[in-house]
Amino acid sequence: MLLAPLDAEEWARSLLAAALPRRWSHVVAVAQKARVIGRELGEDGRLLEATAWVHDVGYAPSTMVTGFHPLDGARYLLAHSVSERIASLVAFHSSARAEAVEFGVATDLVEFQDERTLTRDLLWYCDMTTGPDGTDLDFEDRMTEVRQRYGPDHYVTRALDGGMKERRSAVYRSRDWLMSVGLADQV
Ligand SMILES: [Fe+2]
């Protein structure tokens, strides 16, 4: 099904707000950026915002199966009849591919497809420029924050270097586009 932003917001709120309030603050801030960007994105605008609302539902205790949140979230969404496109955007968000290798679930991601579009880049951008509590962060500062929060031995940190090139590329392409539509200073 196509997921309307308002429905996505309510759904994500029910899964995350009480269980993981700090994560919920992050999601709210990511989705607010996606909403602003979505107004300039044309037909994918609403999809970008809806996906931003649900991008971290895999952290919710009630959705967790493998413990790898992009995969658990994507499978949960698909099981609830959300479109494959949204599920795939969630499955691969913010260089989840590199994290999946470190976590040991890389082969599971073949259920989904990384569409490598501007919409995908912008989702990554919104997520990777928003801190864990919803604070606005420069991309490089966010990467430093992730490294410090998880520590050197965690799979997320180990995956940072492997995925850094595609993360940075997505952010640079997003910045170019944001500049071209006059949003560079707003998100
Ligand atoms: Fe996120």
Side-chain angles (χ1 to χ4, degrees), residues 3 5 8-38 47-77 82 85-100 102-103 105 109 112 114-115 119-150 154-160 162-164 166-171 174-175 178 187:
L3 192 56
E9 176 181 351
E10 285 314 310
W11 198 9
R13 185 195 308 277
S14 71
L15 290 166
L16 292 169
L20 299 167
R22 189 170 145 92
R23 178 63 52 185
W24 176 240
S25 300
H26 162 83
V27 168
V28 170
V30 171
Q32 281 168 351
K33 278 184 194 174
R35 179 180 300 165
V36 172
I37 291 172
L47 178 135
L48 175 66
E49 186 192 337
T51 308
W53 281 116
V54 297
H55 83 279
D56 272 347
V57 294
Y59 279 117
S62 55
T63 68
M64 199 178 287
V65 177
T66 67
F68 185 62
H69 85 276
L71 181 64
D72 289 346
R75 283 177 171 166
Y76 175 84
L77 293 168
V82 171
R85 187 169 177 213
I86 290 180
S88 286
L89 283 164
V90 168
F92 284 98
H93 80 270
S94 305
S95 197
R97 185 196 328 274
E99 292 183 6
E102 293 294 336
F103 194 82
V105 292
L109 281 184
F112 302 96
D114 182 8
E115 64 176 50
T119 301
R120 168 265 214 190
D121 288 345
L122 290 167
L123 177 68
W124 291 30
Y125 174 88
C126 293
D127 190 30
M128 297 192 298
T129 59
T130 304
D133 57 356
T135 315
D136 201 26
L137 278 182
D138 173 76
F139 168 70
E140 300 296 342
D141 293 340
R142 169 83 153 120
M143 294 303 101
T144 303
E145 177 277 321
V146 169
R147 215 177 277 277
Q148 287 171 348
R149 180 158 45 99
Y150 287 101
H154 196 277
Y155 80 90
V156 170
T157 307
R158 295 201 307 271
L160 271 187
M164 194 55 78
E166 67 170 354
R167 286 175 187 264
R168 214 168 254 138
S169 302
V171 167
S174 296
R175 280 189 190 143
L178 291 167
V187 289

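In each ligand, atom 1 is the first atom listed, and ligand 1 is the first ligand listed. Side chains included, hydrogens not; waters and symmetry mates left out as well; all remaining heavy atoms used.
Proximity of Arg167 to Arg142: side-chain heavy atoms (C-beta onward) are nowhere separated by under 4.5 Å. Residues Tyr76 and Val82 are not in side-chain contact: their nearest non-hydrogen atoms beyond the backbone lie 4.5 Å or more apart.
A distance of 9.5 Å separates CG of Asp114 from CG of Leu109, quoted to the nearest 0.5 Å. If you take CZ on Phe139 and OH on Tyr125, they are separated by 11.0 Å, rounding to the nearest 0.5 Å. The NE2 atom of His26 lies 10.0 Å from the CG atom of Leu16; values are rounded to the nearest 0.5 Å.
Excluding water, every protein N/O/S atom under 2.8 Å from the Fe ion (ligand 1) is given here by residue and atom: His26 NE2, His55 NE2, Asp56 OD2, Asp127 OD1.
If you check the side chains of Ser174 and Asp121, you find no donor sitting under 3.5 Å from an acceptor.
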